[in-house]
There are 2 protein chains.
Amino acid sequence: MATIKDVARKAGVSTATVSAVMNDTAFVSPELRARVVTAIRELRYEPSQAARNLRRNRSQLIALAVADLSNPFYARIVWSAEAAVAAWGYSLVLFNSDEKPDTERRILSRIRTLGCDGMVLVPVGAANQYQSHEFEGIATVLLGRSIEGNSADTVTIDNHAAGRQAVDYLLDLGHRRIGSVTGPMQLSTSKGRLDGMIDAMAARGLAPQPGHVRSGEFREEAAYSVARDMMGSPDRPTAIYVANGVMAIGVMRAIADLGLRCPQDVSIASTDTVAGAGGLKPRLTRTEHPIADMTNEALRLLVDRIEERGAEPVRNIIFQPALIVGESCMPLRGDAG
Amino acid sequence: MATIKDVARKAGVSTATVSAVMNDTAFVSPELRARVVTAIRELRYEPSQAARNLRRNRSQLIALAVADLSNPFYARIVWSAEAAVAAWGYSLVLFNSDEKPDTERRILSRIRTLGCDGMVLVPVGAANQYQSHEFEGIATVLLGRSIEGNSADTVTIDNHAAGRQAVDYLLDLGHRRIGSVTGPMQLSTSKGRLDGMIDAMAARGLAPQPGHVRSGEFREEAAYSVARDMMGSPDRPTAIYVANGVMAIGVMRAIADLGLRCPQDVSIASTDTVAGAGGLKPRLTRTEHPIADMTNEALRLLVDRIEERGAEPVRNIIFQPALIVGESCMPLRGDAG
DNA sequence: AGACTTTAGCGAAACGATTAGCTATCGGGG
DNA sequence: CCCCGATAGCTAATCGTTTCGCTAAAGTCT
């Protein structure tokens with residue numbers, strides 16, 4: 001691998017001049033420039049990123065740490081993020097914290113030693129688990145979830161509105177006994193969506209029955225088992241609001257295995273869905289978030305922070321959900337309960 | 001950010017000693033070691049990866065370039081790869097060539113300048129598009145697809161067996177007029193699967209009708225439109241072999257939109273499926289590949305190449321598919337065609 | 001013509017680690 | 001008593017860039 005010195009020697013100039021040519025950073029006479037350019041080509045010289053990084057104190061790396069790579073929601077984020085990062089001239093280093101705070105801690109430290117210029121983080125775990133030095137000196141944008149008391153920029157979704165919209169829809173169909181399968185309560189997303197549901201019902205003088213609100217990990221299996229349990233009892237809800245796409249799959253499977261039909265026996269509305277499920281029956285009624293837009297926005301904020309050293313105020317961007325009607329809900333039959 | 005010099009000064013030792021402590025690379029007396037360790041902790045010193053990279057000529061980065069991040073098949077690979085890479089002590093840099101050879105070319109150059117220690121590549125495009133210097137000096141494993149004439153290690157699947165197994169299953173159910181929706185013919189995967197289908201039929205003295213073999217991009221939309229076209233004609237096949245998971249979704253949607261039912265009117269068998277679709281109806285009958293095992297194996301080979309400088313012979317590992325029976329196929333009715 | 005500016009390019013000092021080679025100390029064997 | 005080997009740690013070179021500050025040479029102004 002040729003170095004800048006080889007090029008300089010071959011072109012009969014100093015390394016400073018080669019560097020100037022490479023980076024267009026100073027005026028170089030056409031004659032010298034030509035000699036340098038041919039030397040570069042002949043030696044197939046490519047500057048060492050390592051040396052450049054050391055000198056410039058930059059790595060051109062942006063880290064993305066998501067909560068669960070097996071979840072299509074995050075796979076979608078990864079997809080968008082890769083494109084956005086490349087468009088900004090960086091490369092994407094990907095991490096999966098797998099919803100484990102310990103893993104996340106290791107990831108944060110790794111991101112730091114790698115010298116990433118910035119990171120987009122989908123935080124896992126409660127606010128008090130983070131230490132401020134974990135974020136020091138590295139541009140950060142929190143995506144999807146926020147950390148209370150943290151001063152990083154955030155791009156989140158309006159979880160309350162998502163829960164409220166979905167449940168309002170079920171209420172409009174006449175459902176009164178509505179249950180929910182939702183994620184861990186320490187996450188702002190689960191909490192917000194459930195609060196939205198509760199407020200939607202409260203606005204009509206209703207409240208979910210205690211046994212009709214179940215939470216578990218944001219995973220298909222967890223949803224399957226709580227749904228199976230909840231729907232096995234005789235006073236089961238006539239409709240379910242599921243807080244997450246993969247959980248919705250689990251709930252539908254549980255219902256099918258109990259011999260119930262969706263939507264005839266149980267209506268299901270969710271927030272978020274899984275990509276590819278659009279082709280299968282029944283199509284889920286759900287609220288969706290503009291994942292690509294959110295991710296692009298997160299990277300815009302991040303690159304902004306990286307490249308302007310300016311201490312702009314913290315920015316919190318909240319995206320609104322949209323209700324997408326599928327075939328997984330029906331009006332409640334006459335014998336309403 | 002504290003440097004090794006700060007630590008050395010604070011502990012009253014030389015930088016060499018600090019380095020020795022950090023890397024356990026030479027014997028240091030317990031007393032000095034203790035002083036160094038506390039200095040490290042107090043200054044919150046973390047070695048600069050950039051400096052280390054420059055000196056060691058290593059980056060601890062492994063690149064993964066997949067063909068299409070929007071495809072759950074590759075999302076699954078990314079998931080596995082992240083875990084494997086982390087387990088080997090590296091970090092994963094992710095690229096999406098989006099099935100575009102030009103994009104892939106840029107990615108290869110980027111991987112090179114980043115100084116990645118190795119790369120796992122799902123190649124896009126035909127063998128003659130690659131230049132040998134694009135692979136020079138960087139450990140490479142080809143995953144899923146191979147490049148004829150290339151001397152990199154490969155981890156692939158037995159595409160021929162996959163096509164053959166799936167179509168044998170359809171034949172066993174009595175189907176004779178079997179069609180196929182498959183990917184671009186220049187890809188070894190599409191070609192192999194279709195050859196497997198043709199051989200399966202040939203073994204029973206059959207051959208697919210010309211209009212019953214359609215190829216298009218490995219995308220849902222492409223599959224939807226060719227399937228719609230193919231299934232619209234009166235002599236449509238009674239069963240379809242679909243070469244890819246997302247295409248299978250497209251085909252099912254096309255069939256539903258034509259007012260046909262699966263499996264009653266058309267049986268569908270595929271190679272590969274989409275994650276999450278397991279919960280929805282009807283469950284696809286398909287051949288599956290052990291994606292996690294394949295990815296792990298690819299990284300094992302890669303790390304092997306990176307860490308042993310030895311010139312072992314080229315290794316080509318081929319994984320076998322397994323048939324998974326769902327509910328998307330039925331025996332052909334009496335009026336067989 | 002002398003005194004400044006500007007320009008084009010060079011030399012060498014960073015950046016922050018690793019590591020080869022050296023020195024000083026100590027103990028033990030001949 | 002001298003020499004040798006082992007031990008513990010230091011000095012300084014090195015990795016490949018970027019960039020600050022300098023020097024001639026050439027141009028501009030009085």
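A note on names: the letters A, B, ... follow the listed sequences, proteins ahead of strands, and every chain is numbered from 1.
Of the two residues contacting DNA chain D, namely A:A20 and A:M1, the nearest-nucleotide position lying further toward the 5' end is that of A:M1. Judged by closest nucleotide on DNA chain C, A:F27 is the one of A:F27 and A:A16 placed further toward the 5' end. In terms of position along DNA chain D, the nucleotide closest to B:P30 lies nearer the 5' end than the nucleotide closest to the other residue of the pair B:R56 and B:P30.
A:V28 comes within 4.0 angstrom of the backbone, heavy atoms only, and of no base. Within 4.0 Å of B:N53, counting heavy atoms only, lies no atom of the nucleic acid at all. Nucleic acid contact class of A:S19 (heavy atoms, under 4.0 Å, all strands): base.
To the nearest 0.5 Å, atoms OG1 (B:T140) and CD1 (B:I111) are separated by 8.5 Å. Rounding to the nearest 0.5 Å places CD of B:Q60 at 8.0 Å from OG of B:S91. Atom OG in B:S97 sits 5.0 Å away from atom CD1 in B:I107 (nearest 0.5 Å).
As a whole-Å value, the separation of B:R55 CZ from C:dT19 P is 6 Å. The nearest whole Å value for the distance from the CD1 atom in A:I4 to the P atom in C:dC10 is 12 Å. Rounded to whole Å, the distance from NZ on B:K5 to C1' on C:dA13 is 11 Å. One can place CG of B:D24 at 14 Å from P of D:dA8, the figure rounded to the nearest angstrom. Rounding to whole angstrom units, CG of residue B:L32 and P of D:dT7 are separated by 17 Å. The interatomic distance linking A:R52 (CZ) with C:dA14 (P) rounds to 22 Å, in whole Å. Atom CZ in A:R58 sits roughly 16 Å away from atom P in C:dG16 (whole-Å rounding). In this entry the distance linking CZ of B:R35 with P of D:dA8 reads 15 Å, nearest Å.
Looking at B:V28 and B:T17, their side chains come closer than 4.5 Å, going by heavy atoms from C-beta outward.
When distances are taken from the side chain of B:T17 to each of C:dT18, D:dC10, C:dG16, the shortest belongs to D:dC10. Nearest nucleotide to the side chain of B:T3, out of D:dG9, C:dA17, C:dT19: C:dA17. Closest contact between the side chain of A:S14 and the listed nucleotides D:dT11, D:dT18, C:dC10 involves C:dC10. Of the listed nucleotides (C:dG16, D:dG9, C:dG9), C:dG9 has the atom at the smallest distance from the side chain of A:S29. Listed nucleotides C:dA12, D:dC15, C:dA17 differ in distance to B:L54; the shortest reach to its side chain belongs to D:dC15.
Results of the side-chain contact (heavy atoms from CB on, under 4.5 Å) test with B:I77 over B:L69, B:V120, B:I291 single out B:I291 as the only residue that passes.
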